[in-house]
There are 2 protein chains.
Amino acid sequence: MADTGARTRRRGKALLDAIYAAAVEEAAAAGPGRLTMDAIAKRAATARTTLYRRWSDPLDLLLEALAELHPVEQPDPGAHDLRGDLIASLRLMTDWSSSAAGRAVMAIVADPARDPAVVEALFERVFARRGGTFTQTVLRHYAEHGRLDPDRLTPVVLDIGEALVTKRMIDTGTAPDDAYLAAIVDQAILPAVGPETETR
Amino acid sequence: MADTGARTRRRGKALLDAIYAAAVEEAAAAGPGRLTMDAIAKRAATARTTLYRRWSDPLDLLLEALAELHPVEQPDPGAHDLRGDLIASLRLMTDWSSSAAGRAVMAIVADPARDPAVVEALFERVFARRGGTFTQTVLRHYAEHGRLDPDRLTPVVLDIGEALVTKRMIDTGTAPDDAYLAAIVDQAILPAVGPETETR
DNA sequence: AATGTTAGCTACATTCATGTATCTTACTTT
DNA sequence: AAAGTAAGATACATGAATGTAGCTAACATT
């Protein structure tokens with residue numbers, strides 16, 4: 001009975017990466033409520049026992065997977081086109097939200113049975129390296145360069161763009177197009193942050 | 001062996017109401033992914049067979065339960081205090097979102113494994129009788145009375161309040177307090193809808 | 001080359017939810 | 001009062017996921 005299916009045997013990073021990817025994809029597809037060791041193992045083409053040797057829980061595995069995935073791309077604002085930089089930062093956000101990792105995170109935080117400690121750990125691990133939310137990075141950048149009034153950058157104002165994108169994705173189930181992102185910037189964010197200071 | 005537990009036997013509306021309540025509570029507690037006939041039956045203190053006589057599916061049951069529950073309360077704006085009416089409408093929203101029905105709906109729409117047809121049916125059944133979203137009702141009312149510029153009430157602007165409340169609830173897991181609702185109105189909605197027209 | 005580690009596989013008992021079938025009996029209708 | 005309806009209870013076969021155990025062979029370390 002010589003030839004079993006597996007030609008090579010993965011180890012270390014190669015194996016872990018496959019498991020991480022499988023966990024995130026499975027969470028994005030099924031939601032954390034339906035996440036099982038079984039399904040992750042099947043998707044990663046490995047044995048369930050391999051998973052149990054490292055993690056006790058599907059959620060435990062998923063959190064580690066999200067932490068190990070590539071960090072979220074950060075907006076890189078210039079200082080000459082506030083409107084364009086804001087739209088670009090929202091586009092970064094929709095790109096990430098549409099990814100498996102983004103949908104997995106959304107599923108976790110929207111889960112009514114979520115553990116607050118889990119959500120906190122998630123925010124720390126996934127967003128720790130980032131300077132804040134997407135539009136926040138841009139707005140703070142312009143405020144530091146004297147182009148926006150820092151007093152108007154309240155927590156509410158810094159959340160407007162992300163909130164509208166999130167709601168739109170919840171309502172329609174898909175990422176908004178460029179026209180909608182532009183509308184968010186023109187009709188909601190820019191009126192809230194006030195007039196741009198003249199460059200001297 | 002006379003005395004079995006059940007003293008009376010529920011029928012018709014009394015039974016259905018108990019089942020509906022159990023389904024919504026169970027969905028709010030566990031999320032639609034973990035919703036089972038078993039758990040609903042236990043919570044409603046009835047037999048699983050009773051559920052299967054009427055519904056084939058936990059989700060089928062839940063949708064009917066949500067449709068049969070009391071409709072969402074509607075904001076009743078005056079025309080003299082835009083700021084106060086907006087805050088009150090957002091308070092209505094947080095009250096509903098905090099209820100079992102609200103959390104159940106949130107769990108359904110945020111479910112990555114959601115069926116678009118289910119979401120559509122849900123919106124039709126639950127929001128059909130309502131004139132729109134919470135702040136939308138207020139803003140439209142003021143526009144009709146000539147106090148706001150109708151051209152500024154775009155889909156994006158009408159969504160600002162609900163979007164910020166939703167994001168806040170996702171982030172913190174609890175309903176925002178009055179100060180935060182006031183901040184949303186003052187710092188995001190009012191700047192976006194523009195100056196109020198003078199009363200003649 | 002010998003040794004240690006562990007991925008991959010199989011097997012098993014357990015638990016939980018499913019869907020169906022059957023029976024009794026409380027309640028309703030006629 | 002008799003007949004019909006359906007709630008409530010029990011039982012059962014099925015399937016999925018769990019967590020554990022044991023084996024073998026591929027790969028790494030010495």
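All chains are named by letter (A, B, ...) in the order of the sequence lines, taking the proteins before the strands, and each is independently numbered beginning at 1. Below, each value reflects all heavy atoms present in this structure, side chains not excepted, and no hydrogens, waters or symmetry copies.
- Taking atom CG of residue Asp17(B) and atom C1' of nucleotide dA7(D), one finds them 16 Å apart after rounding to whole Å.
- Under the rule for a side chain to side chain contact (heavy atoms under 4.5 Å, CB included), the partners of Glu196(B) that lie at least two apart in sequence or sit in another chain are Leu82(B), Tyr142(B), Arg147(B), Leu148(B).
- Residues Asp171(A) and Thr166(B) are not in side-chain contact: their nearest non-hydrogen atoms beyond the backbone lie 4.5 Å or more apart.
- Every side chain to side chain contact (heavy atoms under 4.5 Å, CB included) that Asp115(B) has, sequence neighbours left out, goes to Ala117(B), Val118(B).
- Residues meeting the side chain to side chain donor-acceptor pair (under 3.5 Å) test with Thr154(B), sequence neighbours left out: Gln187(A).
- Taking 3.5 Å as the limit, the base of dC27(C) and the side chain of Thr8(B) contain no donor-acceptor pair of atoms between them.
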Name each donor-acceptor pair under 3.5 Å that joins a side chain in residues 45-57 of chain B to protein atoms two or more places apart or in another chain, with its distance.
residue: Arg48(B); atom: NH1; partner: Asp38(B); partner atom: OD1; Å: 3.1
residue: Trp55(B); atom: NE1; partner: Glu64(B); partner atom: OE1; Å: 3.0
residue: Asp57(B); atom: OD2; partner: Leu59(B); partner atom: N; Å: 3.3

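- Using a 4.0 Å heavy-atom distance criterion, Arg34(A) is classed as making no nucleic acid contact.
- With sequence neighbours left out, the side chain to side chain contact (heavy atoms under 4.5 Å, CB included) criterion links Ala107(A) to Pro32(A), Pro112(B).
- Applying the salt bridge (Lys or Arg N to Asp or Glu O under 4.0 Å) test to every pair with at least one member in residues 84-110 of chain B, sequence neighbours left out, gives these pairs: Arg91(B)-Asp178(B).
- Per the geometry, NZ belonging to Lys13(B) stands 19 Å off C1' belonging to dT28(C), to the nearest Å.
- Computed from coordinates, the Leu51(B) CG to dA9(D) P distance equals 12 Å when rounded to whole Å.
- Atom CG of Leu59(A) is separated from atom P of dT18(D) by 13 Å (rounded to the nearest Å).
- We find the CD1-CG distance between Ile40(B) and Leu61(B) to be 5.0 Å, quoted to the nearest 0.5 Å.
- Between Arg10(A) atom CZ and dA28(D) atom C1' the separation is 18 Å, expressed in whole Å.
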All N/O contacts under 3.5 Å from nucleotides 1-5 of chain D to the protein, with atom names and distances to one decimal?
residue: dT5(D); atom: O2; partner: Arg11(B); partner atom: NH2; Å: 3.0

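- Within the structure, every side-chain polar atom (N or O) of Thr46(A) is placed at least 4.0 Å from both OP1 and OP2 of dA7(C).
- Sorted by first and then second residue, the salt bridge (Lys or Arg N to Asp or Glu O under 4.0 Å) pairs with a member in residues 154-163 of chain B read Lys167(A)-Asp159(B); sequence neighbours excluded.
- Phosphate proximity of dA7(D) to Arg53(B): present, with a side-chain N or O under 4.0 Å from OP1 or OP2.
- Distance from the side chain of Thr49(A) is smallest for dT10(C) among the nucleotides dA6(D), dA7(C), dT10(C).
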Atom pairs and distances, donor-acceptor, side-chain atoms in residues 21-31 of chain B, under 3.5 Å, two or more places apart:
residue: Glu25(B); atom: OE1; partner: Arg43(B); partner atom: NH1; Å: 3.4
residue: Glu26(B); atom: OE1; partner: Arg43(B); partner atom: NE; Å: 2.6
residue: Glu26(B); atom: OE1; partner: Arg43(B); partner atom: NH2; Å: 3.0

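- Listed here is the closest heavy atom pair of Arg152(A) and Pro191(A): NH2-O, 3.9 Å.
- Atom pair Ile40(A):CD1 and dG8(C):C1' shows a separation of 17 Å (rounding to whole Å applied).
- Remark on the helix from dA1(C)-dT30(D) to dT30(C)-dA1(D): inter-end axis angle 30°, axes from five-pair C1' superpositions, rounded to 10°.
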For nucleotides 14-19 of chain C, tabulate all protein N/O to nucleotide N/O atom pairs closer than 3.5 Å, reporting atom names and distance.
residue: dA17(C); atom: OP2; partner: Asp38(B); partner atom: OD2; Å: 3.2
residue: dT18(C); atom: OP1; partner: Met37(B); partner atom: N; Å: 3.4
residue: dT18(C); atom: OP2; partner: Met37(B); partner atom: N; Å: 3.0
residue: dT18(C); atom: OP2; partner: Asp38(B); partner atom: N; Å: 3.1
residue: dG19(C); atom: OP2; partner: Tyr52(B); partner atom: OH; Å: 3.1
residue: dG19(C); atom: N7; partner: Arg48(B); partner atom: NH2; Å: 3.2
residue: dG19(C); atom: O6; partner: Arg48(B); partner atom: NH2; Å: 2.6

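- Ala18(B) pairs by the side chain to side chain contact (heavy atoms under 4.5 Å, CB included) definition with Arg10(B), not counting sequence neighbours.
- Between Arg9(B) atom CZ and dA9(D) atom C1' there is a gap of 9 Å when expressed in whole angstrom units.
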